[in-house]
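Below, each value reflects all heavy atoms present in this structure, side chains not excepted, and no hydrogens, waters or symmetry copies.
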Amino acid sequence: MNRKYIMVIPRNKNLEYIYDGFNNSKIYDSYLIQVFSPWDEEIKKINIADKDKYYIDFFQNKIPVINNTQYVFILYSRLLEWRDVNLAELLKNVYKNSKLVCYFGDLIKKHNIEIDVVKEKFDKVFDFDKKEAVCNGICFLNEPYGKDLSQYINNCKPEYDVTFIGVGKGRIKKLIEIYDFLDKNGIRCLFYIFDIPKINQINRKGIIYNKWVEYTDLLKIESNSRCILELLQEGQYSYTTRFSEAMLMNKKLISDCEEISEWCNQNIIYSKKVSDIDINKIRENNNIKDDGFWRNKLSNDNMINIIESELDK
């Protein structure tokens, strides 16, 4: 029986880049589908009773039912927070022989859903965070990155040494500490920090608060930097999208991620303590040649391969 792998995500440019490889796999029959949320303006115009029909028609138009085919729907976890529409149930009813997979791309505790309920409804559940996956008895799968970022590889002299672009998420004190440490050592920094109330904003020349950066602009800013800063949320163990961007753009990465702490890679500057950040390593030229290792490891094809192996157990 043939298998089709369908990655289903909410409409979001960041996620579109992460799962872009589902649309151009040379190994698997795979597709990327982006869906409007029930509270999107287009969907708000539809009567509540008609919303199920809207999504059924939407999927059948994109992915027609074909005999002798098994459909594997990989639902991004945020879709499960929808209250007006139960996508998992709708897909199971329409695609009778389908498999349902849930992928958590953010910490489970940040979701408004019960993990035990998810485990009951899905054939397999995966988590990007290794320790969280073990604690909840589900499968571990690092976040992939499907988009080719070769156009963002900048071999010219960068304007900045270190950039950070992201939501504060309770990290503002440490971000300020890192900025001050780097700035004191002559490192040129540019930080965009979102969702920080005015009362918690500490003025610094190279910090911009609450000015949203579109994802394509984020990549341009990072490409104009020598090094990307990754700072994990409290309780997080595995790496984030910032790690993937750094590896694929051949940039250095400052990170407090324990998962990568012992990896032998000249581009990784691991440090739990701010004062231990290696300033000299930031300034060093990057001489690592791209051998395709990270493009393969982070690929959506590798993600599908891991999911397929778990489904076939």
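Leu79 and Leu75 get closest at one heavy-atom pair: CD1-CG, 4.3 Å. When all heavy atoms are compared, the tightest approach of Asp127 to Asp129 is OD1-N, 2.9 Å. In plain terms, the two heavy atoms of Gly105 and Ser77 that are nearest each other are N-OG, 3.7 Å. Annotation for Phe36 and Tyr55: closest pair O-OH, 2.7 Å, computed over non-hydrogen atoms. Heavy-atom minimum distance, Tyr71 versus Ile63: CE2-CG2, 3.4 Å. The shortest heavy-atom contact between Ser299 and Pro144 is O-CB, 4.1 Å.
For Lys173, the NZ atom counts as loosely surrounded, since its 6.0 Å shell holds 12 or fewer non-hydrogen atoms of other residues, nucleotides or ligands. Heavy-atom neighbours of Asn203 CG from other residues, nucleotides or ligands within 6.0 Å: at or below the threshold of 12.
Residues Val274 and Asp180 form no side-chain contact, since every pair of their non-hydrogen atoms from C-beta on lies 4.5 Å or further apart. Inter-residue side-chain proximity for Leu91 and Ser98 is flagged as unmet; no heavy-atom pair is nearer than 4.5 Å. Using a 4.5 Å cut-off on side-chain heavy atoms (C-beta onward), Gln201 and Asn210 make contact. Residues Phe58 and Ile33 are in side-chain contact: their nearest non-hydrogen atoms beyond the backbone lie under 4.5 Å apart. Put simply, the side chain of Phe293 does not reach to within 4.5 Å of the side chain of Met247, judged on heavy atoms. Leu219 is listed as a side-chain neighbour of Met249, based on a closest heavy-atom distance under 4.5 Å. When side chains are defined from C-beta on, Ile115 counts as touching Phe104, because their heavy atoms get closer than 4.5 Å. You'll find the side chain of Tyr17 reaches within 4.5 Å of the side chain of Thr216, heavy atoms only.
Remark: side-chain polar atoms of Tyr192 are not paired, donor with acceptor, to backbone N or O of Thr163 under 3.5 angstrom. Judged purely by atom type and a 3.5 angstrom limit, Asn97 has no side-chain atom pairing as donor or acceptor with the backbone of Gln70. Remark: side-chain polar atoms of Asp29 are not paired, donor with acceptor, to backbone N or O of Lys4 under 3.5 angstrom. The main-chain N or O of Leu15 is never found under 3.5 Å from a side-chain atom of Tyr76 such that the two would form a donor-acceptor pair. Listed for the Tyr179 side chain is a donor-acceptor partner under 3.5 Å among the backbone atoms of Gly206. With hydrogens and angles disregarded, no donor-acceptor distance shorter than 3.5 Å links the side chain of Glu230 to the backbone of Cys257. Between the Glu81 side chain and the Ile113 main chain, no donor and acceptor come within less than 3.5 Å of each other. Judged by distance alone, the side chain of Ser238 and the main-chain N or O of Lys130 form a donor-acceptor pair under 3.5 Å. Side chain of Asn136 to backbone of Ile138: no donor-acceptor contact under 3.5 angstrom is found. Although no hydrogens or angles enter the test, the distance criterion places a donor-acceptor pair under 3.5 Å between the side chain of Arg171 and the main chain of Leu231.
Ion pairing of Asp256 with Lys174 is present here, as a side-chain N (NZ or NE/NH1/NH2) and a carboxylate O approach within less than 4.0 Å. The residues Glu284 and Lys281 are annotated as not salt-bridged, no charged nitrogen and carboxylate oxygen being separated by less than 4.0 angstrom. With respect to the salt-bridge test (charged N to carboxylate O, under 4.0 angstrom), the residues Glu222 and Arg242 qualify. Residues Lys92 and Glu89 are not paired through a salt bridge, judged by the lack of any N-O separation under 4.0 Å between the basic side chain and the carboxylate. Taking 4.0 Å as the cut-off between side-chain N and carboxylate O, Lys272 and Asp276 do not count as a salt-bridged pair. Ionic pairing of Glu16 and Lys13 is present here: one or more N-O contacts between side-chain nitrogen and carboxylate oxygen are shorter than 4.0 angstrom.
Checked by atom type, the side-chain pair Glu245/Tyr152 shows no donor-acceptor distance below 3.5 Å. Counted by atom type alone, Asn302 and Asn296 present zero donor-acceptor pairs between their side chains at under 3.5 Å. Side-chain N/O atoms of Asn224 and Glu159 include a donor and acceptor closer than 3.5 Å.
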Determine, step by step, whether Ser25 and Asp301 satisfy the side-chain hydrogen bond (donor to acceptor under 3.5 Å, both in side chains) criterion, reporting the C-alpha distance in whole Å, the side-chain angles of both residues, the deciding distance to 0.1 Å, and the verdict. CA-CA 7 Å; Ser25 174; Asp301 281 345; 2.6 Å; yes
Could you walk me through whether Asp123 and Val72 pass side-chain contact (heavy atoms from CB on, under 4.5 Å), step by step? CA-CA 10 Å; Asp123 296 286; Val72 179; over 6 Å; no
Show, in sequence, the C-alpha distance, side-chain angles and deciding distance for Ile277 and Ile282, and conclude whether the side-chain contact (heavy atoms from CB on, under 4.5 Å) test is met. CA-CA 9 Å; Ile277 295 175; Ile282 295 174; 4.0 Å; yes
I'd like to know whether Leu107 forms a side-chain contact (heavy atoms from CB on, under 4.5 Å) with Phe128, so could you lay out the CA-CA distance, the side-chain angles of the two residues, the decisive distance to 0.1 Å, and finally the verdict. CA-CA 8 Å; Leu107 293 175; Phe128 86 105; 4.1 Å; yes
Before you tell me yes or no, could you show the steps for Glu308 and Tyr5 under side-chain contact (heavy atoms from CB on, under 4.5 Å), namely the whole-Å CA-CA distance, both residues' side-chain angles and the distance that decides it to 0.1 Å? CA-CA 9 Å; Glu308 185 172 62; Tyr5 290 88; 3.0 Å; yes
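A distance of 9.5 Å separates CD in Glu310 from CG in Asp312, rounded to the nearest 0.5 Å. Separating the CG atom in Leu229 from the CG atom in Leu190 is a distance of 12.0 Å, to the nearest 0.5 Å.
Between Phe59 and Phe73, the ring planes lie perpendicular to each other; the angle is over 60°, past the 30° to 60° tilted range. In this structure, Phe243 and Trp294 have perpendicular ring planes: the angle between them is above 60°, well past the 30° mark.
Cluster membership for Ile208 and Ile172, using ILVMFWY side-chain heavy atoms within less than 4.5 angstrom, is not shared. A single hydrophobic cluster is not seen to contain both Leu175 and Ile221; linkage of ILVMFWY side chains at heavy-atom distances under 4.5 Å, directly or through other members, places them apart.
Judged by the 6.0 Å distance and 45° axis criteria, Arg3 is not positioned over the aromatic ring of Tyr28.
Listed by chain and residue number, nothing satisfies the side-chain contact (heavy atoms from CB on, under 4.5 Å) test with Val134 (two or more places apart in sequence, or in another chain).
Residue Asp106 forms a side chain to side chain donor-acceptor pair (under 3.5 Å) with just one option from Gln233, His111, Gln236, and that option is Gln233.
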